[in-house]
Structure formats: structure tokens, C-alpha cells
> 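Quick one: the structure is below, and I'll ask about it shortly.
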Amino acid sequence: MSTNVCTFCGRLGANPEITTLPSGKERVRFSIAVDRNYKREDGSRPSDWIPVVIWGSAASVKKTNLGKGDKVCVSGRVEINEWTDQEGKQKYSFALNCSNIELVQKKNSDKDAAANAAAAAAQQGTMQDDDLPF
């Protein structure tokens, strides 16, 4: 028996590309950056770019309104495709054929983050001793 199940968590490098095929079937493609668990001498962390394909319905992607920078966890099986190019050379590509996707974190814009921080600071500053439950 063999098993081909993979799970990756990372950030989208671009907005998902949704294509409707002539058959009516939808295909969603995007790549996610998955950090390696070590740092280089300069302190940067290398990333691997994992291509992801979702076949069938793009409803889960549309519902969560995924976009560049969002953190997701995807799972499915890795598929390796082999073909011969026009020059007769063997070529290979791989992609995760995704069967499950979960949004972990939406990327906040700087404006949203600043507004959230200002609202939290304002809320802390307006609390009175009379507002405390004890």
C-alpha cells in the first residue's frame, strides 16, 4: 500500500487564478510560500513555493475571498507531470492537487492594523473604575 497525502501551510504569493473550462468545471491555481525551519547567516528564512491546484468548484476559494498574503493550510496529494518539450527534452512539474483548504489568517493592510490598534487604545483609555465588574 502507498500513501500520497501532503499538508502545507503558507502565504499566497498572488491572488488565486480561477478558470472555467469549456466543460463548466472550475480550476483554481495559486502558489504558497512555505518557510523552511532554519535561518541563513543573514537572518533571512528561505521559502519553498508550492503550486496548488483545486479542481471542480471554486466555491471554497470564492467564499473565503482568498487574496495575496493570506495564510492558508492546504492538503491533498502531490501530482508529478512528465512531458517532452519541442526539443525532445524530458520535463517535469509538480503541484498539490488540493482536496481541503483552510484560511488561517487574512492579511491585514497597514490601514486596518492601525485602525485596530487605535480602537483598542481608545477602548482601554475610556474604561472607568465604575465599568469594572468587581
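Each residue takes its place number in the sequence, starting with 1. Reckoned from all heavy atoms, side chains included, excluding hydrogens, waters and symmetry mates.
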> Could you tell me which residues satisfy side-chain contact (heavy atoms from CB on, under 4.5 Å) with N37, sequence neighbours excluded, listed by chain and number?
none
> Going only through I, L, V, M, F, W and Y residues with side-chain contacts under 4.5 Å, is there a path from L66 to W55?
no
> How close do R36 and D48 get, heavy atom to heavy atom, and via which atoms?
NH2-OD1, 2.7 Å
> Are any side-chain N or O atoms of R11 and backbone N or O atoms of G69, one a donor and one an acceptor, separated by less than 3.5 Å?
yes
> How close do S47 and D35 get, heavy atom to heavy atom, and via which atoms?
OG-OD1, 2.7 Å
> Which distance, rounded to the nearest 0.5 Å, do you find between the CG of D70 and the CD1 of I32?
12.0 Å
> Measuring from R27:CZ to T20:OG1, what's the distance to the nearest 0.5 Å?
10.0 Å
> Out of curiosity, does F30 fall in the hydrophobic cluster containing I18 (side-chain heavy atoms, cut-off under 4.5 Å, transitive links)?
yes
> Where do Y92 and W83 come nearest, in terms of heavy atoms and distance?
C-CZ3, 3.8 Å
> If I compare all heavy atoms of L12 with all of G67, which pair ends up nearest, and what's the gap?
CB-O, 3.7 Å
> Set out, in order, the CA-CA distance, both residues' side-chain angles and the distance that settles side chain to side chain contact (heavy atoms under 4.5 Å, CB included) for V72 and V104, then state yes or no.
CA-CA 5 Å; V72 295; V104 175; 5.6 Å; no
> Same cluster or not: V34 versus V78, using hydrophobic residues (I, L, V, M, F, W, Y) connected whenever any side-chain heavy atoms lie under 4.5 Å apart?
yes
> Taking side-chain contact (heavy atoms from CB on, under 4.5 Å) as the definition, give me every residue that meets it alongside T84, ordered by chain and number, with sequence neighbours left out.
Q90
> Report, as yes or no, whether the 6.0 Å neighbourhood of atom NZ on K106 holds more than 12 heavy atoms from other residues, nucleotides or ligands.
yes
> Please give me the minimum heavy-atom distance between N4 and R77, naming the atom from each residue.
O-CB, 3.2 Å
> At what distance, to the nearest 0.5 angstrom, does CD of E79 lie from SG of C6?
11.0 Å
> Using the rule that two of Ile, Leu, Val, Met, Phe, Trp, Tyr join whenever any of their side-chain heavy atoms come within less than 4.5 Å, decide whether L96 and I80 are in one cluster.
yes
> Please tell me whether I54 and W49 are part of a single hydrophobic cluster in this structure, the criterion being side-chain heavy atoms less than 4.5 Å apart.
no
> When you compare the side chain of P46 with that of R40, does any pair of heavy atoms fall below 4.5 Å?
yes
> Taking atom OG of S31 and atom CZ of F8, what is their separation to the nearest 0.5 Å?
11.5 Å
